[in-house]
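Contents: one structure, followed by commentary.
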There are 2 protein chains.
Amino acid sequence: MRALKYAILGLLIKRPMTGYEIAKEFSYELAEFWYANHSQIYPELKKLTSEGHVVFNIEISGDILEAKRYTITDKGIKDFTQWILKDENLQRTPKDIFRLRMYFSNNLEVGSRIHLLENQRLQHVNRLNTLKKIFEQYLEVPSASSDRFGDFLVLRGAIMREENYIAWIDECIMYSKENPQTSPK
Amino acid sequence: MRALKYAILGLLIKRPMTGYEIAKEFSYELAEFWYANHSQIYPELKKLTSEGHVVFNIEISGDILEAKRYTITDKGIKDFTQWILKDENLQRTPKDIFRLRMYFSNNLEVGSRIHLLENQRLQHVNRLNTLKKIFEQYLEVPSASSDRFGDFLVLRGAIMREENYIAWIDECIMYSKENPQTSPK
DNA sequence: GATGTCATGTAACGTGTTACATGATTTA
DNA sequence: TAAATCATGTAACACGTTACATGACATC
């Protein structure tokens, strides 16, 4: 499927970038739904070059330090355009370790369960607040053709996802308190 | 981290099972937040056996067909109990290919974008309906100590997640229609 | 001169998917 | 007797993470 390939090509359509810059993009906004380490990115860029989807030229900053700035080719654009149009079936539901813990939570005392839930809740609230702060930068909805539109949509999606996760945790806490462990099986 | 290990141990606490039965569990309810193929499960069971977390005895159905029924050991229970108590930091946000497509959706015409969104919406609605049908089986909230309680919580979580995803898609459709591609950058 | 950022790469390992491979038992 | 289900395993490959490895440049 090579999703990383298309994530990189999509970024390079906006502007030519170095591997280092691509890695940074993945750790800022994109991190809300995609991520890759530089150890994955550099080999992928090599592969994309050998396939003719990208080309690079070397830039020198200072006296020695080299950076490869990659540009997407026509072939790369064509391939990306075909990919983004495909409507695919739903992915397998992503693995969620906390949900796995909750699935087995009958093995915990009520106190421990609620402690785990509260801890998780706090972390999601923190993340939600961070996301909301970023979202405040959008004073209006960007035009659907602007390259900030996608960013706006996924940021909104990330906020909704966090709010929803917190709502689920709150339900879990409520049910745990209503049905203390001493209830009959 | 070995999450699969704990997923298997957690199932074996409920009752002794064969590898085949474990695989089936993963493809029914657990599939809403966890999944593993039999090609992952059998080697993991072998490893758990060599580590002393589980033991098995061979059952024969019919004349020849052998099945290994695995039972969790005290060591396995102890290890699982320690694992479930750990409060961990949030996982990295799971990768979501559809969100990746939407991030780059300024490269699409409005029509194609809305087509993708509608298709995705339909699939989530179908899944939601399936989940709701399963949820109807719970006429009341199971006791917090019953082994159906975890199942109840994650099923409720899956329903909320699907409803929320649909709500996000609806927002995306709305914004796409409000801001047609012809708007000025 | 120390720390942080820029910049690129490889190696080892862990996890996950698809395909290959085999055969017994049950049910329609 | 054909198809579905029961039952177990391996191999090859794809994807992802952590660690190893190196060095330049900028700022305090």
Side-chain angles (χ1 to χ4, degrees), chain A residues 1-8 11 16-28 30-31 33-51 54 56-70 88-97 100, chain B residues 1-8 11 16-28 30-31 33-51 54 56-70 88-97 100:
Chain A
M1 208 206 343
R2 299 198 50 198
L4 177 60
K5 167 183 168 180
Y6 296 105
I8 290 175
L11 288 175
M17 293 170 90
T18 67
Y20 189 83
E21 286 169 345
I22 291 169
K24 268 202 299 182
E25 287 289 310
F26 281 128
S27 54
Y28 296 155
L30 257 82
F33 62 96
W34 205 267
Y35 183 79
N37 286 299
H38 75 272
S39 57
Q40 247 189 305
I41 293 165
Y42 290 121
E44 186 64 38
L45 282 169
K46 216 174 197 177
K47 202 174 175 186
L48 288 172
T49 305
S50 74
E51 291 166 341
V54 300
F56 66 86
N57 57 306
I58 292 170
E59 282 178 3
I60 295 181
S61 28
D63 290 324
I64 301 167
L65 191 64
E66 290 187 355
K68 295 180 181 169
R69 187 161 299 273
Y70 288 87
E88 264 166 13
N89 294 333
L90 257 40
Q91 303 172 242
R92 176 109 54 208
T93 309
K95 294 187 172 166
D96 184 331
I97 290 181
L100 185 66
Chain B
M1 208 205 343
R2 299 198 47 198
L4 177 60
K5 167 184 169 180
Y6 296 104
I8 290 174
L11 287 175
M17 294 170 90
T18 66
Y20 189 84
E21 285 169 346
I22 291 170
K24 267 203 298 182
E25 288 289 311
F26 282 127
S27 54
Y28 297 154
L30 257 83
F33 62 97
W34 205 265
Y35 184 77
N37 287 299
H38 76 272
S39 57
Q40 247 189 304
I41 294 165
Y42 290 122
E44 187 64 39
L45 283 168
K46 214 173 199 177
K47 202 174 175 185
L48 289 172
T49 305
S50 74
E51 291 166 342
V54 301
F56 66 87
N57 57 307
I58 291 171
E59 281 178 3
I60 295 180
S61 27
D63 292 322
I64 300 167
L65 192 62
E66 291 187 353
K68 295 179 181 169
R69 188 162 299 274
Y70 289 87
E88 264 166 12
N89 294 333
L90 258 40
Q91 305 172 241
R92 175 109 54 209
T93 308
K95 294 186 174 168
D96 183 330
I97 289 181
L100 185 65

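Numbered from 1 within each chain, the chains take letters A, B, ... in sequence-line order.
- Contacts between residues 18-26 of chain B and DNA chain D, defined by a heavy-atom separation below 4.0 Å, involve T18(B), G19(B), Y20(B), K24(B), listed by number.
- Here the OG1-CD1 distance, from T18(A) to I41(A), works out to 10.0 Å after rounding to the nearest 0.5 Å.
- In terms of heavy-atom proximity, E44(A) sits nearest to I8(A) at CG-CD1, 3.7 Å.
- The OG1 atom of T93(A) sits 7.5 Å away from the CG atom of L90(A) when rounded to the nearest 0.5 Å.
- Judged as a side-chain contact (heavy atoms from CB on, under 4.5 Å), and not counting sequence neighbours, the contacts of L65(A) are S61(A).
- Near DNA chain D, meaning a heavy atom under 4.0 Å from it, residues 35-42 of chain A has N37(A), S39(A), Q40(A) in order of number.
- dT15(C) atom P lies 7 Å from atom CE of M1(B), rounded to whole Å.
- R2(A) is listed as a side-chain neighbour of L48(A), based on a closest heavy-atom distance under 4.5 Å.
- Residue L4(B) holds its CG atom at 7.5 Å from CH2 of W34(B), rounded to the nearest 0.5 Å.
- Taking five base pairs at each end of the helix from dG1(C)-dC28(D) to dA28(C)-dT1(D) and finding the rotation axis that steps the C1' atoms of four pairs onto the next four gives two axes whose angle is 30°, to the nearest 10°.
- Distance check: Y6(B) OH to L100(A) CG gives 11.5 Å after rounding to the nearest 0.5 Å.
- Protein atom CD1 of I97(B) is 16 Å distant from nucleotide atom P of dG16(C), rounded to whole Å.
- Boundaries of the chain B contact region on DNA chain D are dT5(D) to dG16(D), first to last in 5' to 3' order (nucleotide atom under 4.0 Å from a heavy atom).
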For nucleotides 23-28 of chain C, give me one character per nucleotide, 5' to 3': B if any protein heavy atom sits under 4.0 Å from the base, S if the only such contacts are to the sugar-phosphate, - if neither. BSS---
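- When heavy atoms are screened at a 4.0 angstrom cut-off, K5(A) is found touching no nucleic acid atom at all.
- Of all the heavy atoms in T49(B) and L45(B), the pair that sits closest is OG1-O, 2.7 Å.
- Taking CD1 from I97(A) and CD from Q91(B), the interatomic distance works out to 5.0 Å, rounded to the nearest 0.5 Å.
- Taking atom CD of residue Q91(A) and atom C1' of nucleotide dT17(C), one finds them 14 Å apart after rounding to whole Å.
- Separation of the Y35(B) and F26(B) ring centroids does not fall under the 6.0 Å cut-off.
- Rounded to an integer number of Å, the gap from I8(B) CD1 to dT15(C) C1' is 13 Å.
- The heavy-atom pair separating E21(A) from P16(A) by the smallest distance is OE1-O, 4.3 Å.
- Distance, K68(A) NZ to dA7(C) C1': 11 Å, rounded to whole Å.
- In this structure, M1(B) CE and E88(B) CD are separated by 6.5 Å, a value rounded to the nearest 0.5 Å.
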